[in-house]
Engineer: 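One structure is given below, represented as structure tokens, and several questions about it will come after.
In what follows, chains carry the letters A, B, and so on, assigned in the order in which the sequence lines appear, proteins first and then strands, with residues in each chain numbered from 1.
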Amino acid sequence: MARTSLRDTSNGKIFSTANLIFGIGQISKMTDVSTRQLRYWESKGYIKPKEREDGNTSRLYGYDTFLKVSGIKLMLDEGYTLAASVERTDALMAEAFNIRGFLLDAYHGQATIDGNTMLDLGYFDEDHTQRLYARRTEDNRVHYVVKPENGAN
DNA sequence: GTTCTTACA
DNA sequence: TGTAAGGA
């Protein structure tokens, strides 16, 4: 039995948001964006309800749409136009997902080094003789450590 | 009670 | 974009 890895969080296993589905009323209350606005944004192609095969015509939105609406609303409140808010939110979400994917691939587990819990970021060199570790300090700065793979310093 | 479309202010 | 109408 394979150990559950963080990668499983992005392919629909644990911590999945696949079943997090909301109606237009829920999204409206969660984001403080009116149902009128949500339907209007849909007409402009900014958001899209989930496809549904049953005959029901009421809109259902996924977690991703909730995040997008939240972002757009935030930008809107900061004074950006709707179009600009959508553009900026799309860019931010793309960055966020890129970062998440990168981290999932870079993370190789935890290790205790000199009494500190650090992230094992895998091999540091092409020859695979050293590993890179990182941790955040108390003031949220990132501290890196490179150690020989065999542990013999 | 909630959501949908259409229409008007 | 809010609100109202008339249905589903």
Side-chain angles (χ1 to χ4, degrees), chain A residues 1-113 115-124 128 131-146:
Chain A
M1 175 189 304
R3 172 176 176 275
T4 300
S5 73
L6 285 189
R7 250 305 172 193
D8 295 326
T9 64
S10 66
N11 68 10
K13 291 189 179 180
I14 61 174
F15 304 147
S16 171
T17 58
N19 295 326
L20 222 41
I21 299 171
F22 314 99
I24 194 170
Q26 270 78 54
I27 293 289
S28 178
K29 286 181 179 177
M30 292 187 289
T31 62
D32 199 33
V33 171
S34 70
T35 57
R36 175 75 168 87
Q37 284 175 294
L38 292 171
R39 295 190 182 99
Y40 176 66
W41 295 0
E42 178 186 329
S43 75
K44 301 285 284 186
Y46 298 148
I47 60 176
K48 185 161 56 180
K50 260 181 157 25
E51 303 282 337
R52 49 188 306 174
E53 55 178 57
D54 58 3
N56 204 314
T57 58
S58 64
R59 297 168 172 76
L60 292 181
Y61 302 97
Y63 185 64
D64 56 330
T65 300
F66 161 65
L67 293 180
K68 183 165 182 175
V69 172
S70 298
I72 296 173
K73 167 64 174 175
L74 204 62
M75 307 291 185
L76 240 32
D77 289 345
E78 288 179 7
Y80 292 98
T81 63
L82 176 58
S85 296
V86 171
E87 191 174 8
R88 292 173 63 84
T89 298
D90 281 342
L92 281 180
M93 286 182 74
E95 267 194 70
F97 284 114
N98 184 41
I99 291 172
R100 184 179 71 171
F102 175 86
L103 256 26
L104 288 171
D105 289 331
Y107 181 73
H108 290 251
Q110 295 189 153
T112 299
I113 296 177
N116 291 313
T117 298
M118 303 191 76
L119 305 187
D120 177 356
L121 299 181
Y123 292 116
F124 183 69
H128 291 189
R131 294 186 80 81
L132 174 65
Y133 299 91
R135 73 180 178 86
R136 283 184 304 155
T137 59
E138 295 68 23
D139 55 338
N140 290 327
R141 291 189 174 287
V142 179
H143 179 60
Y144 295 97
V145 171
V146 176

Engineer: Is it true that atom CD of E42(A) has more than 12 heavy atoms of other residues, nucleotides or ligands lying nearer than 6.0 Å?
Structural biologist: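 Correct, the count exceeds 12.
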Engineer: May I ask you to test the T137(A)-R135(A) pair for a side-chain heavy-atom distance under 4.5 Å?
Structural biologist: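 Side-chain contact under 4.5 Å: yes.
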Engineer: How about D77(A): does its CG atom have over 12 heavy atoms from other parts shown lying under 6.0 Å from it?
Structural biologist: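 For D77(A), atom CG is crowded (more than 12 foreign heavy atoms under 6.0 Å).
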Engineer: List for me each residue that meets side chain to side chain donor-acceptor pair (under 3.5 Å) alongside N116(A), sequence neighbours excluded, and say none if there are none.
Structural biologist: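 Partners of N116(A) under the side chain to side chain donor-acceptor pair (under 3.5 Å) test: none.
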Engineer: Can you name the residues that form a salt bridge (charged side-chain N to carboxylate O under 4.0 Å, His left out) with D64(A), not counting sequence neighbours?
Structural biologist: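 Testing D64(A) for salt bridge (charged side-chain N to carboxylate O under 4.0 Å, His left out), a comparison that skips the adjacent residues, returns none.
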Engineer: Any stems for DNA chain C, made of 3 or more Watson-Crick or G-U pairs in a row, each with both distances under 3.5 Å?
Structural biologist: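 DNA chain C forms these stems: B:4-9 with C:1-6.
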Engineer: Which atoms form the tightest heavy-atom contact between G62(A) and K50(A), and what is the distance?
Structural biologist: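 For G62(A) and K50(A), the tightest heavy-atom pair comes out as CA-NZ, 4.2 Å.
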Engineer: Using the heavy-atom set of chain A and a strict 4.0 Å cut-off, write down the first and last nucleotide of DNA chain C that makes it in, 5' to 3'.
Structural biologist: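 Contact span on the strand: dT1(C) to dT3(C).
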Engineer: Do R39(A) and R59(A) come close enough that some side-chain heavy atom pair is under 4.5 Å?
Structural biologist: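 Yes. Closest side-chain heavy atoms under 4.5 Å.
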Engineer: For nucleotides 4-9 of chain B, read 5' to 3', which letter fits each nucleotide if B means a protein heavy atom sits under 4.0 Å from the base, S means only the sugar-phosphate is that close, and - means neither?
Structural biologist: SB----
Engineer: Is the shortest heavy-atom distance from the side chain of R131(A) to the side chain of Y123(A) under 4.5 Å?
Structural biologist: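 A side-chain contact exists here, since the closest heavy-atom pair is under 4.5 Å.
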Engineer: Applying ring pair (Phe, Tyr, Trp, His ring centres under 6.0 Å) as the test, list every pair that has at least one member in residues 49-89 of chain A; sequence neighbours left out.
Structural biologist: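 Matches after skipping sequence neighbours: Y63(A)-F66(A).
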Engineer: Whole Å only: how far is the CG atom of L38(A) from the C1' atom of dT2(B)?
Structural biologist: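 Rounded to the whole Å, the gap is 14 Å.
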Engineer: Taking all heavy atoms of T31(A) and all of S70(A), pick out the closest pair and write down the distance.
Structural biologist: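 So the two residues come closest at CG2-OG, 3.5 Å.
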